[in-house]
Amino acid sequence: MTAPDSTASVVRLALPGGQEVTHRDVAANGARFHIAELGDGPLVLLLHGFPQFWWTWRHQLPALADAGFRAVAMDLRGVGGSDRTPRGYDPANLALDITGVIRSLGEPDAALVGHDLGGYLAWTAAVMRPKLVRRLAVSSMPHPRRWRAAMLADVRRSSHIWSFQRPWLPERRLTADDAALVGRMLRDWSGPGLPEDETIEVYQRAMGIPSTAHCSIEPYRWMVRSMARPDGILFNRRMKLPVRVPTLHLHGSLDPVMRTRSAAGSGEYVEAPYRWRLFDGLGHWPHEEDPAAFSAELINWLKDPEPDR
């Protein structure tokens, strides 16, 4: 099932200040994915988290393009302008979506930049298809094995994930009252600098696209329900393989969703230059709460020929 044409006005937005970005669809891994593209140079592929879509990278796209990169933000399967398929929301398949998009863009590899769920999938892609990942940058998300341990150890912080396990009710809650719950999440998970009402409305409208709420929740259902199943056990075992590309790990010190100490331990799974950067006073959305600082950190690291310093 594909996203209806009526979603175009909700998803295919201009950048702040009216700057135009190229919107198009690419085929990969048996589905169609919407991308927003700006600039020329080495590919940097940006992966959004929950409950967002490509537009979360609206500040980083022009910054990366100005720095000499081909910046591409994609909508994950089931979100934004990408296909809403009936299945395929396990992290291994979603990671193949990402590496498939890299190939469809005609590039030999990419630097992956992922936030939240996008970060989880970026970790996964770097393990599954290391030849296609040049560098890895992850924000607000520990390594999948650390995430699993943190979720089990701190039920309060991960209460939204546990609530997703019920049938149908989570979808109804996400879309009720014009997706008011999305707005509460964006505010509650932020640091002191709360998002503007206009920003929240964009994400609420995107969540209101038919089937988006269901597709957004499905990856989290798989992560929990598969824990004792053979496919989940196999995935968790596979994630023991080390990440062997330079990795930048970014985190907000006030993130209420994931403890700093849980995220910081991810370096044990990286057998390559690993750089940890903690943003003081920021919450779960550092790339939106302080886009200038986030973009500067990311670009300086992407351009650093010796990223282990």
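All of these numbers come straight from a predicted model, not from anything done at the bench. Numbering starts at 1 and runs along the sequence shown.
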Mind listing the closest non-hydrogen atom pair of [X] and [Y] along with its distance?
X    : Y    : value
W57  : A73  : CD1-CB, 4.0 Å
A263 : S266 : O-OG, 2.9 Å
S253 : G281 : OG-N, 2.9 Å
F50  : D116 : N-OD2, 2.9 Å
F33  : M74  : CD2-CE, 3.8 Å
A272 : P246 : CB-N, 3.9 Å

Membership question, hydrophobic clusters at under 4.5 Å side-chain separation (ILVMFWY): are [Y] and [X] in the same one?
X    : Y    : result
W162 : Y220 : yes
M223 : I233 : no
L112 : W276 : yes
L241 : L121 : yes
F294 : L254 : no

Around [X], counting heavy atoms of other residues, nucleotides and ligands shown, do more than 12 lie under 6.0 Å from its [atom1]?
X    : atom1 : result
R70  : CZ    : yes
D188 : CG    : yes
R221 : CZ    : yes
D231 : CG    : yes

Can you say whether the rings of H249 and Y274 are parallel (under 30°), tilted (30 to 60°) or perpendicular (over 60°)?
-> perpendicular

Could you tell me how the ring of Y203 sits relative to the ring of W55: parallel (under 30°), tilted (30 to 60°) or perpendicular (over 60°)?
-> perpendicular

Quick one, [X] and [Y] - any side-chain contact, counting heavy atoms below 4.5 Å?
X    : Y    : result
L117 : L76  : yes
R146 : E268 : yes
P307 : L248 : no
V113 : L45  : no
T22  : L38  : no
W189 : D255 : no
L46  : W54  : no
R166 : E171 : no

Ignoring hydrogens and geometry beyond distance, is a side-chain donor-acceptor pair present between [X] and [Y] at under 3.5 Å?
X    : Y    : answer
R84  : T212 : yes
H287 : H59  : no
H34  : D25  : no
R32  : S82  : no

Does the pair [X]/[Y] count as a salt bridge with the N-to-O cut at 4.0 Å?
X    : Y    : answer
E37  : R12  : no
D304 : R275 : yes
E218 : R87  : no

Take H143 and Y269 through the test ring pair (Phe, Tyr, Trp, His ring centres under 6.0 Å) and record every step on the way to the result.
-> CA-CA 8 Å; H143 184 276; Y269 295 101; 4.1 Å; yes

Checking ring pair (Phe, Tyr, Trp, His ring centres under 6.0 Å) for the pair W222/F235: CA distance, chi angles, key distance, verdict?
-> CA-CA 11 Å; W222 185 94; F235 174 79; 5.7 Å; yes

Intermediate values then yes/no, side chain to side chain contact (heavy atoms under 4.5 Å, CB included), D178 and Q204 = CA-CA 7 Å; D178 297 322; Q204 289 175 318; 5.7 Å; no

So is R277 actually on top of F279's ring, under 6.0 Å and inside 45° of the axis?
-> yes

From CA spacing to verdict: salt bridge (Lys or Arg N to Asp or Glu O under 4.0 Å), R187, D197 = CA-CA 10 Å; R187 292 187 181 96; D197 291 343; 3.2 Å; yes

